[in-house]
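For reference, the structure is listed below as structure tokens.
FYI, side chains are in, hydrogens and waters are out, and symmetry mates aren't considered; it's all heavy atoms of this structure. Reminder, nothing fancy here: chain letters follow the sequence lines and each chain counts from 1.
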There are 2 protein chains.
Amino acid sequence: MAATPTSGNGARRTQAQRSAATREALLDATLACLVEDGYARTTTTRVAERAGLSRGAHLHHFRTRNALVAAAIGHLAERWTQELLAAAEDLPTGRERLAEGLDLVWRSYANPLFQAALDLWTQARTDAELREHLLAVERQLDRQTLELARRLFPDLAARPTFEPLVEMAISTIRGLALLDTLHPDGARNRKQWPSCRAMLVTLLQAEPAGDD
Amino acid sequence: MAATPTSGNGARRTQAQRSAATREALLDATLACLVEDGYARTTTTRVAERAGLSRGAHLHHFRTRNALVAAAIGHLAERWTQELLAAAEDLPTGRERLAEGLDLVWRSYANPLFQAALDLWTQARTDAELREHLLAVERQLDRQTLELARRLFPDLAARPTFEPLVEMAISTIRGLALLDTLHPDGARNRKQWPSCRAMLVTLLQAEPAGDD
DNA sequence: GTGTTTGCGTTCAGGCCTGAATGTTCTTGG
DNA sequence: CCAAGAACATTCAGGCCTGAACGCAAACAC
């Protein structure tokens, strides 16, 4: 048997593999901690505990708490967009496509990860270092979202009002998702979303581009 | 001259007056601290410093940090609604009334106090005690806002879709105001708001109640 | 196998915050 | 003027968190 560790059964891992695994575990633990405990209680001790590692391991990979959080932001953004893009592939064609597309975005915000992001967001207001990281991520996410919208609805995208409409839809969804913060079950939102979605569909289809 | 202290020139104040003044100073300092430093850095020490008082005075009036924050929430809500209601009195009549009304709400959210409220909001997600207080305030604010909308636009209020429309408008505004968190100058929002407002006006006036 | 590097665990010092206990000053009523 | 009590100040103990120092063991180079 070749002793190549890259394809090993797990018993024998190369240094790089070990390192990557612990990094991943730390980042996952950080996100879980942000979701469940909030930013304030996302301490180095707690994250290490949750990851099943020591604080030493933590400090080895991320020398400060801020470094950990910065990496976690990237991790979060990546996961989020991947989920969104993956779900977008299954979007049906036909007259329900627009409503389903809005549902898609809605679901991506009615999601624990958004709560974690929101927590980071508000903290960033009074933390310059955090703000730097989040601004970069925000720009990228906005760009990707708009691009996705254009790709999914090319006929609507031709209209000059498309971009403001998409931005408004996202703002509405964000505002609604904000309510979930205090209503963990989300009962309140699930009631408001259908009517909001209907209104957004009305706006987006206001002047159909002829193709129907 | 009668030495009645209730109308005193300030040199001689009754105990109740002194007490009320320090309470007020502490609450104001708390809000200022929430706005400028955020919830995490709103510590008893810092609030007392900012109010020009000692920590002893603080603990005399509010025995715990949570008690202070709870009182500050009420203070914030009261200020906010008062500003909103006062501004509503000057709303012009005529065809610009609706757009001006939306601007009114918009301005009440594009406001440092909202940032402070947002901070409390996100913290409340993982703090049961805080959540209790905020839920009560949220219910009251929502009720007052809807009531105000009905009073200002009685003709629109007759339609069954009025309530969902108002809720959507508020959600959109909240979502937009969220962006201000990372963009202190608010440049980005001031660009997006006009088009959002136009769309909301379109929706609200979709089926005019005949009176125009 | 041996030595070096890398990943990781343990312990410690310093700092900030909270809440409680204990003084000190000022108001009020007699 | 004096005593009682409220308002306010000061100090202290306990707890949690961060970041750094030090030590061990596993993995790669030879």
Point to revise | Nearest-nucleotide comparison on DNA chain C, the residue closer to the 5′ end among B/Arg46 and A/Leu53 | key: A/Leu53

Review point. Using a cut-off of less than 4.0 Å, is there contact between a side-chain N or O of A/Thr44 and OP1 or OP2 of D/dC17?
Key: no

Check your understanding: Rounding to a whole Å, what distance do you find between B/Leu68:CG and C/dG19:P?
Key -> 11 Å

Check your understanding: In whole angstroms, how far is the P atom of D/dC17 from the CG atom of A/Asn66?
Key -> 16 Å

Review point. When we call it a touch if two heavy atoms are under 4.0 Å apart, what does A/His58 touch: a base, just sugar-phosphate, or nothing?
Key: nothing

Point to revise | Rounded interatomic separation in angstrom, taking CZ from A/Arg63 and C1' from D/dA21 | key: 12 Å

Point to revise | Closest non-hydrogen atom pair, B/Ser19 against B/His61 | key: OG-CE1, 3.2 Å

Point to revise | Presence of B/Thr64 side-chain N/O under 4.0 Å of C/dT18 phosphate oxygens OP1/OP2 | key: no

Check your understanding: So, is B/Arg65 close to the C/dT18 phosphate, meaning a side-chain N or O under 4.0 Å from OP1 or OP2?
Key -> yes

**Study point:** Rounded distance (Å) that lies between atom P of C/dT18 and atom CZ of B/Arg41
**Key:** 13 Å

Check your understanding: With a 3.5 Å cut-off and just heavy-atom distances, do the side chain of B/Arg55 and the base of C/dG19 make a donor-acceptor pair?
Key -> yes

Point to revise | Any side-chain donor near an acceptor of the partner, A/Asn66 and A/His133, under 3.5 Å | key: no

Check your understanding: Nearest-Å distance, CZ (A/Phe62) to P (D/dA20)?
Key -> 16 Å

**Study point:** Proximal nucleotide (of C/dT18, D/dA27, D/dG19) relative to the A/Arg18 side chain
**Key:** D/dA27

Review point. Do the ring centers of A/Trp121 and A/Phe114 come within less than 6.0 Å of each other?
Key: no

Check your understanding: Just to confirm, is there a sub-4.0 Å distance from OP1 or OP2 of C/dC16 to any side-chain nitrogen or oxygen of B/Thr45?
Key -> no

Check your understanding: For the residue pair A/Tyr109 and A/Trp80, is the inter-centroid distance of their aromatic rings smaller than 6.0 Å?
Key -> yes

Practice item. Between C/dC8, D/dC17, D/dA20, spot the one nearest the side chain of A/Leu59, thanks. Key: D/dA20

Point to revise | Salt-bridge contact B/Arg107-B/Glu83 (side-chain N to carboxylate O under 4.0 Å) | key: no

Exercise for review: Look at B/Ser54 and D/dC8 and indicate whether a side-chain polar atom (N or O) is within less than 4.0 Å of OP1 or OP2.
Suggested key: no

Review point. For the pair made of NE2 in B/His60 and P in C/dG19, what is the distance, rounded to whole Å?
Key: 17 Å

Exercise for review: By nearest nucleotide on DNA chain D, pick out whichever of B/Ala57 and A/Gly56 is the more 5' one.
Suggested key: B/Ala57

